[in-house]
Amino acid sequence: MAKYDFDYFVIGAGSGGVRSARIAANHGARVAIAEERYLGGTCVNVGCVPKKLLSYAAHFAHDFEDAAGFGWTVGDRRHDWARLIANKNTEIERLNGIYRHLLEGAGCTLIEDRATLVDAHTVAVGDDRYTAETILIATGGWPTLPDQPGAREYGITSNEAFFLEEMPEHVVIAGGGYIAVEFAGIFNGLGANVCQLYRGPMFLRGFDDDVRETLAEEMSKAGIDLRFNTIIDRIEKTSDCLLAHLTDGSVIETGAVMFAIGRRPNTAGLGLEDVGVALNRKAAIIVDDRYRTSVPNICALGDVTDRINLTPVAIAEGHALADTLFGGTPRGVEYENVPSAVFSSPPVGSVGLTEAAARAKYGAVDIYRSSFRPMKHTLGGRDERTMMKLIVDRATDRVVGCHMVGLDAPEITQGVAVAMNCGATKAQFDRTIGIHPTAAEELVTMRTKAPEPVGEDA
Ligand code: NDP
């Protein structure tokens with residue numbers, strides 16, 4: 001008789017939980033996975049996937065406009081938001097089905113309900129109790145709303161933005177992270193008047209300064225009203241609109257106020273504190289390099305640990321943990337050079353260190369920067385530039401950072417991340433033959449170092 005009902009009980013069927021459950025089951029473990037909301041978690045339902053579909057929708061607006069320069073006459077254009085959302089929902093349902101199929105096909109027991117911890121080896125689901133040798137918490141995160149008056153009553157988050165019945169003609173977006181800039185581009189592309197607010201002097205904190213400045217410039221040129229150093233003080237509802245009162249004293253009449261001011265780990269009400277799982281001050285679960293919490297047989301990964309909150313990271317962690325526990329191959333995840341993209345308009349691709357971080361770490365670095373008008377925009381006429389930047393550690397010649405704003409940036413950056421993980425040097429970039437004509441070839445043809453900032457050693 002087995003000591004426990006299951007070898008592995010996973011709470012949360014998002015990106016990390018599903019991968020971990022599936023791989024564990026493939027290794028022969030008896031696995032249960034509980035999910036209270038939707039299969040596939042944030043990424044599939046209210047994150048990466050629907051966001052990218054909406055981003056595609058928004059980009060057609062550019063394509064229609066730019067087509068004229070290539071000889072096309074494009075007739076009347078109208079966008080049907082309801083149809084977009086309905087089609088998006090159908091696609092998401094298809095993906096939910098694929099996730100179900102993957103889990104069931106691997107032999108996992110799927111429990112579609114809320115699970116909470118009773119003790120270190122026991123999970124409660126309604127009136128049922130299940131025991132497991134190892135429990136994984138992969139419950140992800142949830143968007144936050146601020147406490148300002150009116151924010152909770154009238155504000156929305158990305159969760160609701162994906163299901164709006166109508167596209168607002170005017171949107172105020174509060175926040176300066178991934179989600180805020182992505183939605184600013186989506187709503188702007190679909191024809192709304194967009195005002196984006198950020199509390200500091202320049203949004204996308206943590207990204208390379210050239211990326212931040214280039215994107216701010218391009219978004220402004222595209223008609224987005226960017227306002228920095230201000231936030232919403234309160235929201236008031238009138239008979240026909242919302243009034244967003246800002247801390248700088250201005251008032252904006254708008255149809256919707258969307259907050260994208262960060263996400264909170266989903267740790268409340270799970271019984272974590274009762275069984276002794278330690279949380280940090282942001283309520284994220286603290287784990288070691290093998291995803292063990294302060295209760296050794298309870299593990300956690302993905303957004304609920306609030307480290308690198310990206311789907312592919314959660315997937316990699318879930319896979320590594322399952323291999324460690326049930327596959328006889330203990331391993332962690334390599335967190336250096338995690339690439340990421342912001343699906344803004346134009347998009348951003350980024351991997352490795354920012355210039356500031358590279359200077360702090362290595363001292364002497366060489367910067368190669370290029371800014372150009374993409375070929376598509378020569379005939380298309382769009383006033384949008386591409387910026388590319390390589391950061392090289394002068395002592396070793398290794399490329400330690402690559403940052404890009406412009407068409408295809410996310411697609412290009414993935415390949416650069418592989419090269420950087422192989423320790424590629426600038427000389428090896430230079431030896432690589434470009435693909436012509438592409439924007440990507442710029443990365444292997446940049447030869448001129450940017451001048452040193454004033455006050456730096458040459
Ligand atoms: P982020 O943490 O990226 O950004 C939050 C933004 O809100 C920051 O600009 C922050 O400012 C600002 N902010 C925080 N608190 C307040 C406040 N009280 N009032 C006003 N502004 C505030 O969160 P997001 O919600 O954009 O995204 C969450 C995470 O999801 C990301 O960190 C990312 O890991 C992931 N994600 C990844 C995507 C991708 O890979 N393409 C897409 C979407 C999300 P400050 O910088 O000053 O702290």
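Indexing begins at 1, ligand by ligand and atom by atom, following the structure's order. The first residue of the sequence shown is numbered 1, and numbering continues consecutively from there.
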Open item on the list: Need the ligand 1 atom indices (1-based, order shown) with element for anything under 4.0 Å from a heavy-atom of Ala341.
Closed with: 39 (C), 40 (O), 41 (N)

Open item on the list: Give me the nearest non-hydrogen protein atom to atom 16 (C) of ligand 1 as residue plus atom name, then the distance to 0.1 Å.
Closed with: Arg199 NH1, 3.5 Å

- [ ] Using a strict 4.0 Å cut-off to heavy atoms of Gly262, name the atoms of ligand 1 that fall inside it.
- [x] 5 (C), 23 (O), 25 (O)

Task: Salt bridge Glu236-Arg234, side-chain N to carboxylate O under 4.0 Å - done: yes

Task: Asp210 and Arg212 ion-paired at < 4.0 Å - done: no

Open item on the list: Please state which option from Cys43, Gly176, Gly177 has its nearest heavy atom closest to atom 4 (O) of ligand 1.
Closed with: Gly177

- [ ] Would you indicate whether the side-chain heavy atoms of His62 and Leu407 approach each other to under 4.5 Å?
- [x] no

Open item on the list: Please compare Ile261, Asn309, Ile308 and report which has the shortest non-hydrogen distance to atom 15 (N) of ligand 1.
Closed with: Ile261

Task: Heteroatom distance test (Ile179, ligand 1): nitrogen or oxygen, under 3.5 angstrom - done: yes

Task: Any donor-acceptor N or O pair under 3.5 Å, side chains Glu160, Thr157 - done: yes

TODO: Would you mind listing which atoms of ligand 1 come within a distance below 4.0 Å of any non-hydrogen atom of Arg205?
DONE: 45 (P), 46 (O), 47 (O), 48 (O)

Open item on the list: For the residue pair Glu442 / Tyr368, report whether a side-chain donor-acceptor contact shorter than 3.5 Å exists.
Closed with: no

- [ ] Name the closest protein heavy atom to atom 37 (C) of ligand 1, giving the residue it belongs to and the distance to 0.1 Å.
- [x] Tyr178 CD2, 3.5 Å

TODO: Please could you name the atoms of ligand 1 that Lys51 approaches to less than 4.0 Å, counting only its heavy atoms?
DONE: 41 (N), 42 (C)

Open item on the list: Any heavy atom of Ala260 closer to ligand 1 than 4.0 angstrom?
Closed with: yes

- [ ] Return each pair, listed once, that meets salt bridge (Lys or Arg N to Asp or Glu O under 4.0 Å) where at least one residue sits in residues 168-193; pairs must be two or more places apart or across chains.
- [x] Lys51-Glu182

TODO: Among all protein heavy atoms, pick the one closest to atom 42 (C) of ligand 1 and tell me residue, atom and distance.
DONE: Glu182 OE1, 3.3 Å

- [ ] With heavy atoms only and a cut-off of under 4.0 Å, state how Thr144 meets ligand 1: side chain, backbone, both or neither.
- [x] neither

Open item on the list: Geometry only, no angles: is Ile231 polar-contacting ligand 1 at N/O separations under 3.5 Å?
Closed with: no

Task: Mutual orientation of the aromatic rings belonging to Phe183 and Phe187 [parallel < 30°, tilted 30-60°, perpendicular > 60°] - done: tilted

Open item on the list: For ligand 1 and Val342, I'd like to know whether there is a polar contact (N/O to N/O, distance under 3.5 Å).
Closed with: no

Open item on the list: Among all the protein's non-hydrogen atoms, which is closest to atom 47 (O) of ligand 1, and how far away is it?
Closed with: Tyr198 OH, 2.6 Å

TODO: Give the residue and atom name of whichever protein heavy atom lies nearest to atom 29 (C) of ligand 1, and the separation in Å to one decimal.
DONE: Arg263 CD, 4.2 Å

Open item on the list: Apply salt bridge (charged side-chain N to carboxylate O under 4.0 Å, His left out) to residues Lys88 and Glu91 and explain how you reach the verdict.
Closed with: CA-CA 5 Å; Lys88 180 268 292 178; Glu91 172 57 10; over 6 Å; no

Open item on the list: We want to know whether Ser350 and Ser340 form a side-chain donor-acceptor pair, criterion being a heavy-atom distance below 3.5 angstrom.
Closed with: no

Task: Exceeds 12 heavy-atom contacts within 6.0 angstrom, atom CZ of Phe60 - done: no

Task: Nitrogen or oxygen atoms of Ser340 and ligand 1 under 3.5 Å apart - done: no

TODO: Verify whether one side chain among Thr42 and Arg263 offers a donor that lies under 3.5 Å from an acceptor in the other.
DONE: yes

